[in-house]
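Remarks on the structure that follows.
We use all heavy atoms of the structure for the numbers below, so side chains are in, but hydrogens, waters and symmetry mates are not.
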Amino acid sequence: MASSSLFHCLTVFFCVISTLVPLTAGQLDYSYYERACPSLPRIIRWNVWAALRNDSRIAASLLRLHFHDCFVNGCDGSVLLDDTNDFKGEKNAAPNRNSARGYETIDIIKADLERACPSTVSCVDILTLVAREVVVMSGGPFWPVLLGRRDGLTASEKAANEQLPSPFEPLDKIAAKFTDKGLDLRDVVVLSGAHTIGFAQCFTFKRRLFNYQNSGKPDPNLDSSMLSNLQSTCPDTDGSNTKIAPLDIVSVNRFDNAYYRNLMNNSGLLESDQALMSNSQTADMVKSYSMYPYLFYKDFAASMVKLGNLGVLTRQNGQIRKVCGSVNY
């Protein structure tokens with residue numbers, strides 16, 4: 001009966017999503033580029049497919065790039081901007097430096113679109129569509145994307161350092177950052193589920209392996225066999241900091257609900273992930289998503305709609321960049 005209800009939720013998904021679109025997105029439209037750039041869906045789909053074929057890790061990287069863009073002063077493509085004499089951008093902020101990937105894929109798509117329909121499709125809309133496409137191609141849910149966002153004119157390294165959640169922060173601080181964006185605790189749990197794909201560098205979780213909370217010992221909550229494997233991958237030396245380990249040890253390249261089952265088994269990689277089990281509210285959500293994949297898919301899609309509509313620029317605000325890494329002058 002529960003499964004039947006969840007499938008029913010998916011069939012009425014467009015109706016559910018429409019109730020979640022904020023007023024600030026009222027100037028966006030699902031068919032915004034239908035006449036101006038009819039080849040947009042094909043160009044997005046082809047290039048994402050080609051990128052995934054060449055690098056299976058790129059799906060998580062592109063999804064993360066969209067999150068890091070929207071979470072810092074809204075979805076405006078600021079994460080794509082290179083530094084200038086006028087500002088220090090977000091590419092070299094601590095959460096992005098030597099870890100943010102996928103810029104080349106966005107640049108290739110933009111170049112194709114400039115040939116097909118010049119000065120029409122914004123870089124931020126490309127990033128938003130690509131995020132959905134990588135999830136779908138990895139086995140995850142589809143969601144409708146409103147279009148018509150315009151690109152911002154600046155970026156801020158300081159804002160990225162301050163606003164993006166860190167894997168080293170406690171759950172209450174991460175939740176507060178989501179609240180500041182108009183998101184809620186469910187969004188924290190649901191969007192954390194994006195860690196069902198991708199990898200993390202050893203420095204982001206190594207203290208759990210050797211010196212948890214300055215105890216000189218490993219995190220006692222970490223599954224023992226996983227601990228042993230991770231200690232082999234990430235030995236306690238600076239030289240291992242940039243080595244990588246899968247965020248989801250069960251299905252690293254497939255978008256599914258295994259991430260939540262991992263948390264139930266004390267096998268979350270990041271401290272901030274496993275912390276979802278330390279709070280009764282978030283632990284209940286984790287349990288539900290671990291049992292009902294279609295509930296996770298439905299809620300993930302809804303949260304991605306909310307994320308993609310944060311602080312958007314429309315009409316005369318912003319611009320349509322010709323090159324995603326720099327503003328038009």
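- The closest donor-acceptor contact from the side chain of R321 to the backbone of L81 lies at 3.5 Å or more, if one exists at all.
- No side-chain heavy atom of H66 sits under 4.5 Å from any side-chain heavy atom of V130.
- Under 3.5 Å, the side chains of D248 and N262 contain a donor-acceptor pair of N or O atoms.
- The two residues L191 and M304 come nearest to each other via the heavy atoms CD2-SD, 3.7 Å.
- In this structure, the separation between CD1 on I106 and CG on L127 is 5.0 Å, given to the nearest 0.5 Å.
- Remark: S99 OG to F199 CZ distance equals 15.0 Å, nearest 0.5 Å.
- A donor and an acceptor atom, one from each side chain of N221 and Y212, are nowhere located under 3.5 Å apart.
- Between F67 and F178, the angle of the ring planes lies from 30° to 60°, which puts this pair in the tilted group.
- Residues V188 and Y260 share a single hydrophobic cluster, defined by chaining ILVMFWY side chains whose heavy atoms lie under 4.5 Å apart.
- Considering all non-hydrogen atoms of both residues, G216 and N211 come closest at N-OD1, 2.6 Å.
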task: Step by step, work out the salt bridge (charged side-chain N to carboxylate O under 4.0 Å, His left out) result for R45 and E133.
output: CA-CA 7 Å; R45 195 170 297 119; E133 201 64 32; 3.5 Å; yes
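- Here F296 and F255 bring their ring centres to under 6.0 angstrom of each other.
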task: Given salt bridge (charged side-chain N to carboxylate O under 4.0 Å, His left out), test R261 with D256 step by step and report yes or no.
output: CA-CA 10 Å; R261 297 198 300 273; D256 55 23; 5.2 Å; no
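- The backbone N or O of V190 sits nowhere less than 3.5 Å from a side-chain atom of D299 that would complete a donor-acceptor pair.
- Around the CZ atom of R35, the shell of radius 6.0 Å holds no more than 12 heavy atoms that belong to other residues, nucleotides or ligands.
- Remark: D112 engages R115 in a salt bridge, criterion side-chain N to carboxylate O under 4.0 Å.
- Checked by atom type and distance alone, the side chain of T196 never pairs as donor or acceptor with a backbone atom of G193 at under 3.5 Å.
- For the pair D187 (side chain) and D184 (backbone), a donor-acceptor distance under 3.5 Å is present.
- Judged by distance alone, with hydrogens and angles left aside, the side-chain atoms of R150 form a donor-acceptor pair with the main-chain N or O of R315 at under 3.5 Å.
- D29 contributes atom CG, which lies 8.0 Å from atom CG of L147 (distance to the nearest 0.5 angstrom).
- N96 pairs with exactly one of E90, E157, H68, R64 by the side-chain hydrogen bond (donor to acceptor under 3.5 Å, both in side chains) rule, that one being H68.
- The distance from the NZ atom of K243 to the SG atom of C234 is 7.5 Å, given to the nearest 0.5 Å.
- Contact between G89 and D83 at its shortest, heavy atoms only, is N-OD1, 2.7 Å.
- None of E162, E169, Q163 except one satisfies the side-chain hydrogen bond (donor to acceptor under 3.5 Å, both in side chains) rule with K177; the exception is E169.
- A donor-acceptor contact shorter than 3.5 Å links the side chain of T120 to the backbone of P118.
- Residues Y294 and Y297 bring their aromatic ring centres within 6.0 Å.
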- prompt: Is there a side-chain contact (heavy atoms from CB on, under 4.5 Å) between I58 and R101 once you walk through the steps?
  reply: CA-CA 7 Å; I58 203 67; R101 304 169 67 244; 4.1 Å; yes
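- For the atom pair M277 CE and D284 CG, the distance stands at 8.5 Å (nearest 0.5 Å).
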task: Go through the steps to decide whether E114 and S119 satisfy the test side-chain contact (heavy atoms from CB on, under 4.5 Å), and finish with yes or no.
output: CA-CA 6 Å; E114 285 299 302; S119 301; 4.1 Å; yes
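- Shortest non-hydrogen contact noted between P144 and F142 is N-CE2, 4.0 Å.
- Residue L247 is not grouped with residue F168 when hydrophobic side chains (ILVMFWY) are merged at heavy-atom distances under 4.5 angstrom, including chains of intermediate members.
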query: What's the verdict on side-chain contact (heavy atoms from CB on, under 4.5 Å) for L269 and L230, showing C-alpha distance, side-chain angles and the deciding distance?
result: CA-CA 9 Å; L269 183 66; L230 289 174; 3.7 Å; yes
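- Salt-bridge formation is detected for the pair D82/K91: a Lys NZ or Arg NE/NH1/NH2 atom is positioned less than 4.0 Å from an Asp or Glu carboxylate oxygen.
- Y259 and I249 sit in two unconnected hydrophobic clusters of ILVMFWY residues. Membership requires side-chain heavy atoms under 4.5 Å apart, directly or through other members.
- A pairwise comparison of heavy atoms in L171 and T282 identifies CD2-OG1, 3.9 Å as the closest pair.
- The SG atom of C123 sits 4.5 Å away from the NZ atom of K110 when rounded to the nearest 0.5 Å.
- In the hydrophobic clustering of this structure, M137 groups with W143; members are Ile, Leu, Val, Met, Phe, Trp, Tyr whose side-chain heavy atoms approach within less than 4.5 Å, directly or through other members.
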task: Take T242 and F203 through the test side-chain contact (heavy atoms from CB on, under 4.5 Å) and record every step on the way to the result.
output: CA-CA 7 Å; T242 57; F203 82 90; 5.6 Å; no
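- Checking side-chain atoms of N161 against main-chain N and O of A93 turns up no donor-acceptor pair under 3.5 Å.
- A donor-acceptor contact under 3.5 angstrom links the side chains of Y33 and D125, judged on distance only.
- Put simply, the side chain of D219 does not reach to within 4.5 Å of the side chain of Q274, judged on heavy atoms.
- Placement of Y32 and I43 within a single hydrophobic cluster is found when ILVMFWY residues are connected by side-chain heavy-atom separations under 4.5 Å, directly or transitively.
- R208 and G268 make their closest contact through NH1-O, 2.7 Å (heavy atoms, listed as atom of the first residue, atom of the second, distance).
- Both tests hold for K181 against F71: distance to the six-membered ring centre under 6.0 Å, angle to the ring axis within 45°.
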